[in-house]
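Below, chains carry the letters A, B, ... as their sequence lines are ordered, and counting in each starts from 1.
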There are 2 protein chains.
Amino acid sequence: MTTGRPLRADAQRNRGRVLAAAEQVFAERGTAASIEEVARTAGVGVGTVFRHFPSKEALLQALVVQRLTRIAADARDHATSPDPGAAFFDFFTAVVHGSATKLELVDALAELGIEPNEAVAPVAADVTEALTALLQQAQHAGAVRRDIDVRDVIALLAGASQTRRYAPDDRPLAVILDGLRVPIAQ
Amino acid sequence: MTTGRPLRADAQRNRGRVLAAAEQVFAERGTAASIEEVARTAGVGVGTVFRHFPSKEALLQALVVQRLTRIAADARDHATSPDPGAAFFDFFTAVVHGSATKLELVDALAELGIEPNEAVAPVAADVTEALTALLQQAQHAGAVRRDIDVRDVIALLAGASQTRRYAPDDRPLAVILDGLRVPIAQ
DNA sequence: CTAGAATCGGAATCGTGATTCCGTTTAGAG
DNA sequence: CTCTAAACGGAATCACGATTCCGATTCTAG
């Protein structure tokens, strides 16, 4: 990462606006939305978008990194809970709810297990690490099945997110969470 | 549907080739793959593709219809099994396995719950009907939780399919199936 | 076998959207 | 306040891919 000198104040602000606009636009119209629309939403010119992100792909990647960074932080946050079982399920639910209208998160999560990318790989590893800790705690607490591993959880996070395209409610999610639970004696 | 006179023999054959090529290409490269690539794979000219399918969207739609038609038939087929519980889970697994490398099925299934489309609506309704029957049998047999409805199953089919992008194995699928099962007394 | 219709192939056309360029406008150091 | 580098806006450029068109080819009725 080319960490040059600090950005000029206005540049810093515009960068943030572009990122926010991109998140919104791509979530609403899908990643096929044009850069021009992102620029318009951000209230800047297309040139500005490209000065901050050399290509559309770079912009998408920045969004993925941002999303994954938040997820990792969220996982760490939940890991401090006194109730590891509830913390795990809360985290899982929060991530699924966090996947915007469209499949943004799905794409974001895709990076976790697919195509080792220069920029996202480190963040992906970070998410995996935080998630592993959270999962193990929940397993030790007897709340989650022992035969589940991080990869399963990641795949299921993506799957559960996908689910919301069809049913805006949490019913399918509940089924998946039940599948992860240690069965309760009847 | 404009059922004109029967197609000339070669036209019929080319239509099939295009459909097969499209299924393969879109599965491998995603729906963003170009029509030219589909044409090349099918061994025909782009003009031929467009004569059979007036637009790329129409081609995609034809694929969806084809896929859904197969799924409906598969559901009906499983509904005749003497073991409704096993039949339901077998069907579910088969559909998930059937979603090619990429998210083709996901898009196909998307049509089931989203955007009531002129051409796919009837097939979607057909799938829903067949699936409802299969589900109810499994529930009556005590194999699937009573509080699950078809919409949940459809959403979970899509979710489970998504899952395979991250883990090529059936572990995440197994978790989802467990979530659907009626818990066994310990 | 033959004419005519149905198809075909693929070059040319069109539109859209990513990316580049450069004259104009600021932030901020001195 | 003044000057210069850093940023900006957005028109112009480029590339790519969908769709159109039409002369060449291939079925199949008779």
Next item on the list: Figure out the CZ/P separation between R13(B) and dA6(C), and round it to whole Å.
Entry: 18 Å
Notebook entry, point to check: Does the side chain of R145(B) reach to within under 4.5 Å of the side chain of D178(A), using non-hydrogen atoms?
Noted result: yes
Next item on the list: Identify the heavy atoms of F53(B) and A62(B) that sit nearest to each other, and give their distance.
Entry: CE2-CB, 3.7 Å
Notebook entry, point to check: For DNA chain D, whose closest nucleotide is more 5', that of L7(B) or that of L7(A)?
Noted result: L7(A)
Check: Can you check whether F88(A) reaches Q139(A) side chain to side chain, under 4.5 Å on heavy atoms?
Finding: no
Notebook entry, point to check: Do you know which two heavy atoms are closest between P84(A) and A138(A), and how far apart they sit?
Noted result: O-CB, 3.8 Å
Next item on the list: Check each residue of residues 32-44 of chain A for a non-hydrogen atom within less than 4.0 Å of any atom in DNA chain C, then write out the ones that pass by number, or none.
Entry: A33(A), S34(A), I35(A)
Next item on the list: Taking all heavy atoms of T163(B) and all of G159(A), pick out the closest pair and write down the distance.
Entry: OG1-CA, 4.1 Å
Next item on the list: At the 4.0 Å heavy-atom cut-off to chain B, mark where contacts on DNA chain D begin and end, going 5' to 3'.
Entry: dG17(D) to dT28(D)
Item checked: Nucleotide dG17(C), atom C1' - distance to CD of E57(A) in whole Å -> 16 Å
Check: Can you name the nearest heavy-atom pair linking E36(B) to V46(B), along with the distance?
Finding: CA-CG1, 3.7 Å
Notebook entry, point to check: Relative to the 5' end of DNA chain C, which residue comes earlier, R8(B) or V46(B), by the nucleotide with the nearest heavy atom?
Noted result: R8(B)
Check: Quick one: is dT7(C) close enough that its OP1 or OP2 comes under 4.0 Å of any side-chain N or O from T48(B)?
Finding: no
Next item on the list: Return the value, rounded to whole Å, for the distance between atom CD of Q61(A) and atom C1' of dA18(C).
Entry: 17 Å
Margin query: Can you measure Q12(B) atom CD to dC8(C) atom P for me and round it to whole angstrom units?
Written below: 11 Å
Next item on the list: Kindly confirm or rule out a cation-pi arrangement of R181(B) over F89(B), judged by NZ or CZ under 6.0 Å from the six-membered ring centre and within 45° of its axis?
Entry: yes
Margin query: Tell me the interatomic distance from N14(B), atom CG, to dT7(C), atom C1', rounded to whole angstroms.
Written below: 8 Å
Note to self: Show the nearest heavy-atom pair for residues L135(A) and I148(A), with the distance to one decimal.
What the structure shows: CD2-O, 3.9 Å
Note to self: Give me the atom names and distance for the closest heavy-atom approach of F26(A) to L63(A).
What the structure shows: CD1-CD1, 3.6 Å
Checklist line | Nearest-Å distance for atom pair CG/P, residues D10(A) and dT25(C) | finding: 15 Å
